[in-house]
Protein chains: 2
Amino acid sequence: MAFMQVDPVLFAKALADETRQEIMRQLCCVWLNVNDLVERLDGRVNQPTVSHHLKKLEEAGLVAVRQEGRYRYYSLNQEFLTVCCGALVTNFAPDYRTNVIPVDAINVGRIDRGFDG
Amino acid sequence: MAFMQVDPVLFAKALADETRQEIMRQLCCVWLNVNDLVERLDGRVNQPTVSHHLKKLEEAGLVAVRQEGRYRYYSLNQEFLTVCCGALVTNFAPDYRTNVIPVDAINVGRIDRGFDG
DNA sequence: CCATTATATCGACAAATATCGATTTGTCAA
DNA sequence: TTGACAAATCGATATTTGTCGATATAATGG
């Protein structure tokens, strides 16, 4: 995993929308392309809106992207999300910072599932 | 600590502003009244704006409030913030959920510092 | 090539929100 | 009770942001 800087405001803004959180739930543990997502959101929003949200999530470092022919697959970056949450606790809840195990401490030997889990 | 429900969207929206995060930093580990905060923000915003942000933070459960005469003291609720971060990881990063120790598991015997730390 | 499909981008619009000055509400001290 | 101060609320404004339809870009298959 490439080094990624945590920006607490950017992170929070990325999460601060119901639709985006729904997209994140859908992208958790799986790779989906844009139309997959549009279908799963079942008429609530349409394609340009999904693309818009994916861009925001990508800018925040919260999704990984993989181009496969004319399809673009997205998946939630769970590790970075965990790092961001840890940074929030470190920044804003120092009394509790010891309750979060830093990600890099548990990364050793981690299995990377890659495409399609 | 009273039971408090986590709403991931409300939590993220509360954090999704630079000024609010600055206020949260100032309220970390100390109790400040509104004018204290206005002074510490050093001209960036003025009193009604600070009150507005405090209201948002209160609605999200992120600050504790204590009326003391005509002063109103606020302090960051570190525990709830930690719980919210844990909920985010549980929701969106299940592969990493074991890396966060649930707050209720470490609350036993915790020292409550109370007013003025 | 061309028609088709997938996705990003653009322009417009509406809703949400951050900010401020002015005012109101609430509390105290003399 | 009154004058002063602390903080919330109100109304207005500007900015940001979510959404959409239309279009552009890009890749594919025939």
Side-chain angles (χ1 to χ4, degrees), chain A residues 7-27 30-76 115-116, chain B residues 7-27 30-76 115-116:
Chain A
D7 176 339
V9 175
L10 188 63
F11 173 63
K13 280 177 186 277
L15 286 169
D17 180 80
E18 175 60 45
T19 303
R20 223 140 50 218
Q21 287 201 9
E22 175 64 25
I23 289 173
M24 288 171 64
R25 263 184 293 276
Q26 295 292 341
L27 289 180
V30 294
W31 291 84
L32 298 176
N33 63 46
V34 180
N35 278 326
D36 290 340
L37 276 169
V38 173
E39 285 172 19
R40 294 200 184 203
L41 295 178
D42 207 47
R44 297 211 297 105
V45 288
N46 54 17
Q47 180 263 316
T49 301
V50 172
S51 283
H52 165 75
H53 288 309
L54 288 171
K55 189 178 184 181
K56 292 232 162 186
L57 292 172
E58 190 179 356
E59 285 166 354
L62 288 171
V63 293
V65 193
R66 193 191 287 257
Q67 185 97 28
E68 200 86 8
R70 49 182 164 169
Y71 299 89
R72 217 150 203 266
Y73 289 93
Y74 291 86
S75 184
L76 189 62
F115 191 79
D116 271 340
Chain B
D7 176 339
V9 174
L10 187 63
F11 173 63
K13 280 178 186 277
L15 286 169
D17 181 80
E18 175 61 45
T19 303
R20 221 138 51 218
Q21 288 201 8
E22 175 63 25
I23 289 173
M24 288 171 64
R25 264 184 292 276
Q26 295 292 341
L27 289 180
V30 294
W31 291 84
L32 298 176
N33 63 45
V34 180
N35 278 325
D36 289 340
L37 276 169
V38 173
E39 285 172 20
R40 294 200 185 204
L41 295 179
D42 207 47
R44 296 211 299 104
V45 289
N46 54 18
Q47 180 262 316
T49 302
V50 172
S51 284
H52 165 75
H53 288 309
L54 288 170
K55 189 178 184 182
K56 292 233 161 185
L57 292 172
E58 190 179 355
E59 286 166 354
L62 288 171
V63 292
V65 193
R66 191 191 287 258
Q67 186 96 29
E68 200 86 8
R70 50 182 163 170
Y71 299 90
R72 213 150 206 267
Y73 289 93
Y74 291 86
S75 185
L76 188 62
F115 191 80
D116 271 340

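The basis for the numbers below is simple: all heavy atoms, side chains too, and nothing from hydrogens, waters or symmetry mates. First the proteins, then the strands, lettered A, B, ... as listed; each starts at 1.
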query = Do the side-chain N or O atoms of A/Arg20 get closer than 4.0 angstrom to the phosphate oxygens (OP1, OP2) of D/dG18?
reply = yes
task = Grab the CD1-P distance between A/Ile23 and D/dG18 for me, whole Å please.
result = 11 Å
request  = Rounded to the nearest angstrom, tell me the gap between atom NZ in B/Lys13 and atom P in D/dT16.
outcome  = 16 Å
ask   = Under the criterion side-chain contact (heavy atoms from CB on, under 4.5 Å), which of B/Val9, B/Leu10, B/Asp17 is the partner of B/Lys13?
value = B/Val9
key: Under 4.0 Å protein heavy-atom contacts per nucleotide of nucleotides 21-27 of chain C, with B for base, S for backbone only and - for none   = BB----B
query = Checking side-chain contact (heavy atoms from CB on, under 4.5 Å) against B/Glu22, which of B/Leu37, B/Leu41, B/Val45, B/Leu27 comes through?
reply = B/Leu41
ask   = With respect to A/Lys55, which candidate in A/His53, A/Glu59, A/His52 satisfies the side-chain contact (heavy atoms from CB on, under 4.5 Å) definition?
value = A/Glu59
task = Using atom CZ of A/Arg72 as one end and atom C1' of C/dA8 as the other, report the distance to the nearest whole Å.
result = 8 Å
ask   = Taking all non-hydrogen atoms of both residues, which atom of A/Gln21 and which atom of B/Ala12 are closest, and how far apart?
value = NE2-CB, 4.2 Å
ask   = What is the distance, rounded to the nearest whole Å, between atom CD of B/Glu18 and atom P of D/dT16?
value = 14 Å
request  = Determine: side-chain N/O of A/Arg44 to OP1/OP2 of D/dT19, distance under 4.0 Å, yes or no.
outcome  = no
query = Between A/Glu58 and A/Arg20, is a salt bridge (charged side-chain N to carboxylate O under 4.0 Å, His left out) present by the stated rule, with each step listed?
reply = CA-CA 11 Å; A/Glu58 190 179 356; A/Arg20 223 140 50 218; over 6 Å; no
message = Please determine whether a side-chain nitrogen or oxygen atom of B/Tyr74 lies at a distance below 4.0 Å from atom OP1 or OP2 of D/dA6.
response = no
ask   = Can you check whether B/Leu15 reaches B/Met24 side chain to side chain, under 4.5 Å on heavy atoms?
value = yes
query = Over how many whole Å does the gap from A/Tyr71 atom OH to C/dT7 atom C1' extend?
reply = 11 Å
inquiry  = With a 4.0 Å limit, can you tell me whether A/Asn33 has a side-chain N or O closer than that to the phosphate oxygens OP1/OP2 of C/dA6?
reply    = no
task = Determine, stepwise, if the pair A/Glu39 / A/Arg44 fulfils salt bridge (charged side-chain N to carboxylate O under 4.0 Å, His left out).
result = CA-CA 9 Å; A/Glu39 285 172 19; A/Arg44 297 211 297 105; over 6 Å; no
Minimum-distance pair of heavy atoms, taken over all atoms of B/Asn33 and B/Tyr73 = N-CD2, 3.6 Å
request  = Using a 4.5 Å cut-off on heavy atoms from C-beta on, say whether the side chain of A/Ser75 contacts that of A/Val63.
outcome  = no
key: d(CD, B/Glu68; C1', D/dA7) in whole Å   = 15 Å
key: OP1 or OP2 of C/dT19 under 4.0 Å from side-chain N/O of B/Thr19   = yes
Nucleotide D/dA4, atom P - distance to CG of B/Asn35 in whole Å = 17 Å
ask   = What parts of residues 49-62 of chain A reach DNA chain D, counting only heavy atoms under 4.0 Å away?
value = A/Thr49, A/His52, A/His53, A/Lys56
Value in whole Å for how far the C1' atom of D/dT19 lies from CG of A/Leu41 = 13 Å
